[in-house]
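Whatever order the structure lists them in is the order used to number ligands and atoms, beginning at 1. Remember, predicted model here, so these are calculated numbers, not experimental data.
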Amino acid sequence: MIIGVPKESYPGERRVSLVPLVIPNLVKAGFEVIVEMNAGAEAGYPDALYLEKGAKILPDRTAVFASADIVVQVLSYGSNDVTGEADLSLLRRGQVLVGFLRPLGSIEMLRQIAQTGVTSFSVELVPRTTRAQSMDALSSMGTICGYKAVLLAADTLPRIFPMLTTAAGTITPARVLVIGAGVAGLQAIATARRLGAVVSAYDLRPAAKEQVQSLGGRFVELPIEAKDAQDARGYGTAQDESFYARQRELLGRVVVESDVVIATAVVPGKKAPVLVTAEMVKGMAPGSVIFDLAAERGGNCELTQSGKTVVEHGVTVIGRINIAAEVPYHASQMYARNLAAFLLYLGKEGKLQLNLQDEITRETLLTRDGEVVNQRVREFFKLPAPVSLGT
Ligand code: NAD
């Protein structure tokens, strides 16, 4: 089977779905790999490296889609809501598509993907289990985002992060608060600690406490307990507005005492909870920075504008989106390893096996034969069970 790597088309997207490093393993497993010319150039992977590792380079996008049995992308239509629609007419029945498809985003978009007839797999749906760890692209991108958000916040802050004792006096360390200690949050804690900041973190999942502490962060204990804080998949759950109101009340003091807030609190498929109010921002010292990694999902800060950086009450509120694209070399490398692990898992002797008894296959399969077939997604959108899943 032929795996096709088109150049990413989302504005500002510099990642590429497969890097040269993973190609020999795919070739060894019986796949052929074709890559659109310059697909990896902006991530630091020139065409020559792909050729060296056994891939073919094709001059145009249409040819890649036309020749490929499996199209692999970073941002596919669904998550690419700017230019992704143009790919729909290039996809064909029976072809396989793997990428970020935003499965809990818009059902209309998912139906459009389904109508092309592609068998699509959404990397967001990879189960967060030990067995699927090597395929977990959400964790890879979360790691990159947490790291980069801290660097960008540090660069914006008019203070330095570490404590310094110098002949010119002692400099106190920056205080960083991380809200939401999932993968991105934990990486933000580790990065801010390495830069010398004093870090505290909060998450509504009690399980996060130990992880925060193991990274040298102080866990902020709030005297409220979330109802069923964690779902069966390990994700934080949505709470009612009265819980969020109480969270805001209790978090307020910690927020105003922080120089930097890195906000990552999200719930799959839901608008992000507002945990940092305009009032809290007003109370922060001038020059403070809020990096809202939840910006794309509505933001954890009331003043966040998705895709923009604004200064309010002297505080810089960063709502930049698609941060992983700003570290394209390693983001692509990690993503490519996740994709290659997934393809090698599904593929035997260069052919994909669709064994729906298998948890990873069943949970990631999004559309097939014109229908959105994924059970979690159908339940989320309150659709009736599909007519037949086949095997
Ligand atoms: P995420 O991006 O969905 O959410 C980020 C964090 O925000 C989560 O920790 C969540 O609890 C938190 N959050 C949500 N609402 C909040 C609120 N109101 N206040 C404070 N915090 C709030 O999370 P993620 O990084 O994708 O991780 C999801 C889960 O999966 C975690 O439990 C993580 O440990 C687990 N995980 C497991 C594996 C594995 O076992 N292989 C791999 C990766 C992640």
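At a 4.0 Å heavy-atom cut-off, ligand 1 does not touch F243 at all. Only side-chain heavy atoms of Q247 come within less than 4.0 Å of ligand 1; its backbone N, CA, C and O stay farther off. By the criterion of a heavy-atom distance under 4.0 Å, both the backbone and the side chain of A265 are placed next to ligand 1. Within the 4.0 Å heavy-atom criterion, the part of T129 lying near ligand 1 is the backbone and not the side chain. Counting heavy atoms closer than 4.0 Å to ligand 1, residue R128 contributes atoms from both its backbone and its side chain. Residue contacts with ligand 1 for A132 are absent, since no atom lies close enough (heavy atoms, distance under 4.0 Å).
When only interatomic distances are considered, the shortest N/O to N/O separation between D203 and ligand 1 falls below 3.5 Å. An N or O contact shorter than 3.5 Å is missing between Y202 and ligand 1 by distance. Residue contacts with ligand 1: R205 is placed with a nitrogen or oxygen under 3.5 Å of a nitrogen or oxygen of the ligand (distance criterion only).
Put simply, the side chain of L152 reaches to within 4.5 Å of the side chain of E326, judged on heavy atoms. The closest side-chain heavy-atom distance from Y235 to V266 is not below 4.5 Å. Side-chain contact between Q95 and T116 is absent, with no heavy atoms from C-beta onward closer than 4.5 Å.
Of all the atoms in ligand 1, the ones that sit under 4.0 Å from a non-hydrogen atom of D136 are 42 (C), 43 (C). Of all atoms in ligand 1, listed by their number and element, those nearer than 4.0 Å to a heavy atom of Q133 are 41 (N). Near Y235, meaning under 4.0 Å from any of its heavy atoms, are these atoms of ligand 1: 3 (O), 26 (O), 28 (C). Heavy-atom contacts of G182 reach the following atoms of ligand 1: 6 (C), 9 (O), 25 (O) (cutoff under 4.0 Å). Against a heavy-atom cut-off of under 4.0 Å, P273 is close to the following atoms of ligand 1: 18 (N). Atoms of ligand 1 lying under 4.0 Å from at least one heavy atom of L275, given by number and element, are 19 (N).
At least one donor-acceptor pair closer than 3.5 Å links the side chain of Y45 to the backbone N or O of Y329. Not one N or O on the side chain of E296 forms a donor-acceptor pair closer than 3.5 Å with the backbone of I321. R320 places no side-chain N or O within donor-acceptor distance of the main-chain N or O of T309, the cut-off being under 3.5 Å. Proximity of a side-chain donor or acceptor of S288 to a complementary backbone N or O of V315 within less than 3.5 Å is not detected.
For F100 and Y335, the ring centers are positioned less than 6.0 Å apart.
Contact annotation: A208 has no heavy atom less than 4.0 Å from any atom of ligand 1. Contact between T237 and ligand 1 is absent, with no heavy atom of the residue lying under 4.0 Å from the ligand. Residue contacts with ligand 1 leave out G142, since none of its heavy atoms falls under 4.0 Å from the ligand.
Closest to atom 5 (C) of ligand 1 among all protein heavy atoms lies T264 O, 3.3 Å. Protein heavy atom nearest atom 43 (C) of ligand 1, with residue, atom name and distance: S139 OG, 3.0 Å. Summary of contacts: the protein heavy atom closest to atom 15 (N) of ligand 1 is L204 CD2, 3.7 Å.
No hydrogens or angles considered: nothing links the side chains of R337 and N25 as a donor-acceptor pair under 3.5 Å.
Heavy-atom proximity to atom 30 (O) of ligand 1, evaluated over G185, P206, G234, is greatest for G234.
Checked against Y202 for a side chain to side chain contact (heavy atoms under 4.5 Å, CB included), the options V178, V255, V254, L222 give a single hit: L222.
Protein non-hydrogen atoms do reach within 4.0 Å of atom 28 (C) of ligand 1.
Residues R248 and E241 are paired through a salt bridge, judged by an N-O separation under 4.0 Å between the basic side chain and the carboxylate. In this structure, R61 pairs ionically with D87, as a charged nitrogen and a carboxylate oxygen lie closer than 4.0 Å.
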So E279 and T277, side-chain hydrogen bond (donor to acceptor under 3.5 Å, both in side chains) or not? Walk me through it. CA-CA 5 Å; E279 204 49 37; T277 62; over 6 Å; no
